[in-house]
Amino acid sequence: MTDIIGSVASEMSLWLLVGAMTAGVVRGFSGFGTAMIYLPVAGTQMSPVAALTTLAVMDLVGPLMLAPRIVRNADVGDVMRLSAGALAMLPLGVFLLLLMAAEVFRYAVSSITLVLLALLISGIRYEGSLSRPLVYGAGGIGGLFAGSVGLPGPPVIMLYLASSLPVVAVRANLFIYLIVADIMLLGVLAFNGQLHVAHVALGLAIALPFVAAMGIGSLIFRPEKERVYRFVAYGIIATSAVLGLPVLN
């Protein structure tokens with residue numbers, strides 16, 4: 001027990017807490033963005049596996065408490081299809097993660113995040129129907145990204161935010177899907193022998209300020225201010241991604 005506390009204390013930093021709390025505020029008002037803000041920061045502080053584990057644990061505590069209120073706005077069928085697609089590809093993603101050097105991980109996280117933002121800000125809009133194969137496919141790519149770089153959201157965010165669905169439904173679908181993705185990621189890491197108690201403990205430690213910040217973000221959410229929330233989230237995510245690039249060390 002003393003060793004675990006010592007490990008948490010040694011890994012904890014002000015930079016990590018700022019990253020977690022910023023991610024919490026954005027997750028609270030937008031329903032997404034945790035990984036895209038937290039991982040570029042965490043990647044400068046710890047190994048890729050540790051960063052993904054702390055993210056998954058931290059990102060489960062608060063959202064699980066809010067899920068009963070948000071799930072009523074979600075399309076449960078779509079969330080299940082997204083989750084099935086993600087589960088099919090997650091093991092391959094974790095396999096790639098275990099082969100990846102820390103610098104490669106950080107470049108991948110920041111690059112995928114910046115590409116996603118560029119596509120969204122460019123005004124691309126998906127105007128077709130959200131067919132089942134399309135939803136399964138987005139979930140599958142999300143699962144691959146979740147296991148390899150801890151980003152289950154980008155392909156699903158592109159699918160939903162670039163569509164004409166109401167912002168409340170988009171937020172709910174993303175919120176619930178990301179919870180399921182975190183649970184599955186922890187399960188696959190455990191199956192591969194990569195789920196360590198010290199990393200879980202650190203995730204729980206930073207979950208408290210993350211939850212507090214997420215509560216603030218949830219309180220300030222207003223559906224009628226969709227554009228404002230999107231662009232605030234985009235700006236914060238872009239800043240985190242750029243700062244996470246190894247070239248800026």
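When reading the values below, keep in mind they use all heavy atoms of this one structure, side chains included, and skip hydrogens, waters and symmetry mates.
- In this structure the side chain of N192 never reaches within 4.5 angstrom of the side chain of F95, judged on heavy atoms.
- Scanning all heavy atoms of the two residues, the minimum distance from G147 to L97 falls at O-CB, 3.2 Å.
- Taking the side chain as every heavy atom from C-beta outward, T34 and M58 approach each other to under 4.5 Å.
- Looking at L52 and F105, their side chains come closer than 4.5 Å, going by heavy atoms from C-beta outward.
- Hydrophobic clustering places V211 together with L64 (ILVMFWY residues linked when any side-chain heavy atoms are closer than 4.5 Å, directly or through intermediates).
- Between the CD1 atom of I179 and the CD1 atom of I176 there is a distance of 4.5 Å, given to the nearest 0.5 Å.
- Using a 4.5 Å heavy-atom threshold, the side chains of F29 and V232 count as touching.
- The main-chain N or O of G28 is found under 3.5 Å from a side-chain atom of R171 such that the two form a donor-acceptor pair.
- In the hydrophobic cluster analysis, where Ile, Leu, Val, Met, Phe, Trp and Tyr join through side-chain heavy atoms closer than 4.5 angstrom, I112 is grouped apart from L96.
- The line from NE2 of H199 to CG of L204 is 13.0 Å long, rounded to the nearest 0.5 Å.
- No path of Ile, Leu, Val, Met, Phe, Trp and Tyr side chains, each step under 4.5 Å between heavy atoms, connects V18 with I216, placing them in separate hydrophobic clusters.
- When all heavy atoms are compared, the tightest approach of V149 to L39 is O-CD1, 3.2 Å.
- In M80, the CE atom is not crowded: 12 or fewer heavy atoms of neighbouring residues, nucleotides or ligands sit closer than 6.0 Å.
- To the nearest 0.5 angstrom, L159 atom CG is 8.0 Å from D78 atom CG.
- Counting heavy atoms from C-beta outward, I157 and M36 have side chains that approach closer than 4.5 Å.
- Annotation: side chain of L202 is in contact with side chain of M46 (closest heavy-atom distance under 4.5 Å).
- For the pair Q194/L98, a side-chain contact is recorded, criterion being any heavy-atom separation below 4.5 Å from C-beta on.
- Put simply, the side chain of S218 never gets that close to the backbone of M214: no donor and acceptor are under 3.5 Å apart.
- Distance check: Y177 OH to L82 CG gives 6.5 Å after rounding to the nearest 0.5 Å.
- The nearest pair of heavy atoms linking A51 to Y38 is O-CE2, 3.8 Å.
- L99 and L92 fall within the same hydrophobic cluster, defined by Ile, Leu, Val, Met, Phe, Trp and Tyr side-chain heavy atoms under 4.5 Å apart, directly or through other members.
- Residues H196 and T53 have side chains not in contact (no heavy-atom distance under 4.5 Å, counting atoms from C-beta outward).
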Query - Intermediate values then yes/no, side chain to side chain contact (heavy atoms under 4.5 Å, CB included), L243 and W15 - result: CA-CA 12 Å; L243 292 177; W15 184 230; 4.1 Å; yes
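- The line from CD1 of I141 to CG of L151 is 13.5 Å long, rounded to the nearest 0.5 Å.
- To the nearest 0.5 Å, the span separating CG on L55 from CG on D182 amounts to 6.0 Å.
- Of all the heavy atoms in L144 and M89, the pair that sits closest is N-CB, 3.7 Å.
- L60 pairs in a side chain to side chain contact (heavy atoms under 4.5 Å, CB included) with only one of the listed residues (L178, L185, I183), which is I183.
- L186 and V200 fall within the same hydrophobic cluster, defined by Ile, Leu, Val, Met, Phe, Trp and Tyr side-chain heavy atoms under 4.5 Å apart, directly or through other members.
- Side chain of S110 to backbone of A241: a donor-acceptor contact under 3.5 angstrom is found.
- When all heavy atoms of S240 and V41 are compared, the pair lying nearest together is OG-CG2, 4.0 Å.
- Closest of all the heavy-atom pairs between A138 and V156 is O-CG2, 3.9 Å.
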